[in-house]
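Input: a single structure, listed below in structure tokens.
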There are 2 protein chains.
Amino acid sequence: MSPLDRYKDLKALLKKKGFSLTKPRQNVFDLLQNQGPQTTQVLIKRAEGQIDRATVYRTLELFERLGIVHRLNIGWKYKYELSDIFLAHHHHFYCSNCGKSYDLSANAMLETMINSLASKEGYSPRGHQLEIYGLCPACQGQLT
Amino acid sequence: MSPLDRYKDLKALLKKKGFSLTKPRQNVFDLLQNQGPQTTQVLIKRAEGQIDRATVYRTLELFERLGIVHRLNIGWKYKYELSDIFLAHHHHFYCSNCGKSYDLSANAMLETMINSLASKEGYSPRGHQLEIYGLCPACQGQLT
DNA sequence: TAATATTTTGCAAATTTGTCGCAATTTGCT
DNA sequence: AGCAAATTGCGACAAATTTGCAAAATATTA
């Protein structure tokens, strides 16, 4: 994907709501690319010297309001990751032993059941977040 | 349930790992009883005059490490609730409009699918957390 | 049960995290 | 390029969380 294309959807999304794609916003977006879910502290540290702390916070808040990122409670701290618009919808597996988190691909049947669980009770679901925790393959062996 | 029984499982769980059931720990446990998921700040405020702030933090951290409580990312802030050992397993619905959260009862079929999603990939699941978000009945009507 | 060892707590201080106002800069538009 | 609006960085704050340590509570041993 060329650099231009890379920001196309992001820019469109921002523009639609009257916001612009600035350098700091591009940077934060880049930091979220291909790195998995990350804590705010890590993002701030990685942006050090480039973007101010306050701007990172403001950008993440804006991105969340616009549905560009998702905030999830994985393991001990909460983390941000790009939302389903930029990443295929998926769930997470968190290893309680080593603390790593892994992606689990979504499954149409499961999604349907989740939605019907909510709509059956009168709620109107827009999305969801599923975290499974336990032991990853490496840690299963290790704890014989 | 008599007061003695009430703390039996808690005490056993702590003891097994070499910790003791102290007054402050009982208090925090009580605060989590029958009140739904709560933020740290609310717990600290409710414990005011009884337990020190630092102790509340330390207790919640310990409880989470031992699997006594669960930390969930519900709406904007994260909240604590008793884990499945003390509460029937359930999921949450969070209304993005009014910010309230509701319990959704668990469903055996869904639980099975969730577990197999993880085990199919070689992970060994111990539990999970599902948050569905969207609009609650009241807010659906309101936003005509 | 009394004495001793260990764990846990409260307190105060330090650190970290997150927020806010405002002047300077950047961006969008013509 | 030039103007208007949006955005950023820079303190300065306020709130949240962590830490060290002496005192208190709890467990252990005899």
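Letters A, B, ... are given to chains in the order of the sequence lines, protein chains preceding strands, and every chain is numbered from 1. Note that these values count all heavy atoms, side chains included, but never hydrogens, waters or copies made by symmetry. On a predicted model such as this, the values are computed, not experimentally measured, just so you know.
- Heavy atoms from other residues, nucleotides or ligands lying under 6.0 Å from CZ of B:Arg46 number more than 12.
- Put simply, CZ on A:Phe29 is 17 Å from P on D:dT7, counting in whole angstrom units.
- The separation between A:Glu48 atom CD and C:dT16 atom C1' is 13 Å, rounded to whole Å.
- Comparing B:Ala54 and B:Lys23, the nucleotide of DNA chain D nearest to each residue sits closer to the 5' end for B:Ala54.
- Between the C1' atom of D:dA6 and the CG atom of A:Leu66 lies a distance of 14 Å, rounded to the nearest Å.
- The terminal axes of the helix from C:dT1-D:dA30 to C:dT30-D:dA1, fitted over 5 pairs per end, subtend an angle of 60° to the nearest 10°.
- In this structure, B:Leu14 places its CG atom 13 Å from P of D:dT26, rounding to the nearest Å.
- The aromatic rings of B:Phe86 and B:Phe29 stand perpendicular to each other, their planes meeting at an angle above 60°, with 30° marking the opposite boundary.
- Contact between the side-chain N/O atoms of A:Ser20 and the OP1/OP2 oxygens of D:dT7 is found at a separation under 4.0 Å.
- Within the 4.0 Å cut-off from OP1 or OP2 of C:dT17, at least one side-chain nitrogen or oxygen of A:Gln41 is found.
- In this structure, B:His128 and B:His89 have perpendicular ring planes: the angle between them is above 60°, well past the 30° mark.
- Taking all atoms of both residues into account, the shortest heavy-atom contact from A:Ser105 to B:Leu117 is O-CD1, 3.7 Å.
- If you measure from atom OH of A:Tyr80 to atom P of C:dT17, you get 14 Å, rounded to the nearest angstrom.
- Spacing between atom OH of A:Tyr57 and atom C1' of C:dG21 amounts to 18 Å, rounded to whole angstrom units.
- Each of C:dT9, D:dT18, D:dG9 was ranked by its minimum atom distance to the side chain of A:Asp52; first place goes to D:dG9.
- There is no side-chain donor-acceptor pair under 3.5 Å between B:His92 and A:Gln129.
- If you take CG of A:Leu60 and P of C:dT19, they are 11 Å apart, rounded to a whole angstrom.
- When all heavy atoms are compared, the tightest approach of B:Phe93 to A:Pro125 is CE1-CA, 4.1 Å.
- A residue-by-residue look at B:Thr40 and B:Lys11 shows that B:Thr40 has its nearest nucleotide of DNA chain D further toward the 5' end.
- Residue-level contact check: A:Ile44 touches neither bases nor backbone, having no heavy atom under 4.0 Å from any strand.
- Taking only distance into account, the side chain of A:Arg58 never meets the base of C:dG18 through a donor-acceptor pair shorter than 3.5 Å.
- Between the base of C:dG10 and the side chain of B:Arg53 there is no donor-acceptor pair shorter than 3.5 Å.
- In this structure, A:Thr22 does not reach the C:dT26 phosphate: none of its side-chain N or O atoms is under 4.0 Å from OP1 or OP2.
- With rounding to whole Å, B:Lys15 atom NZ is found 13 Å from D:dT26 atom P.
- B:Gln140 approaches A:Gly122 most closely through the heavy-atom pair NE2-O, 2.8 Å.
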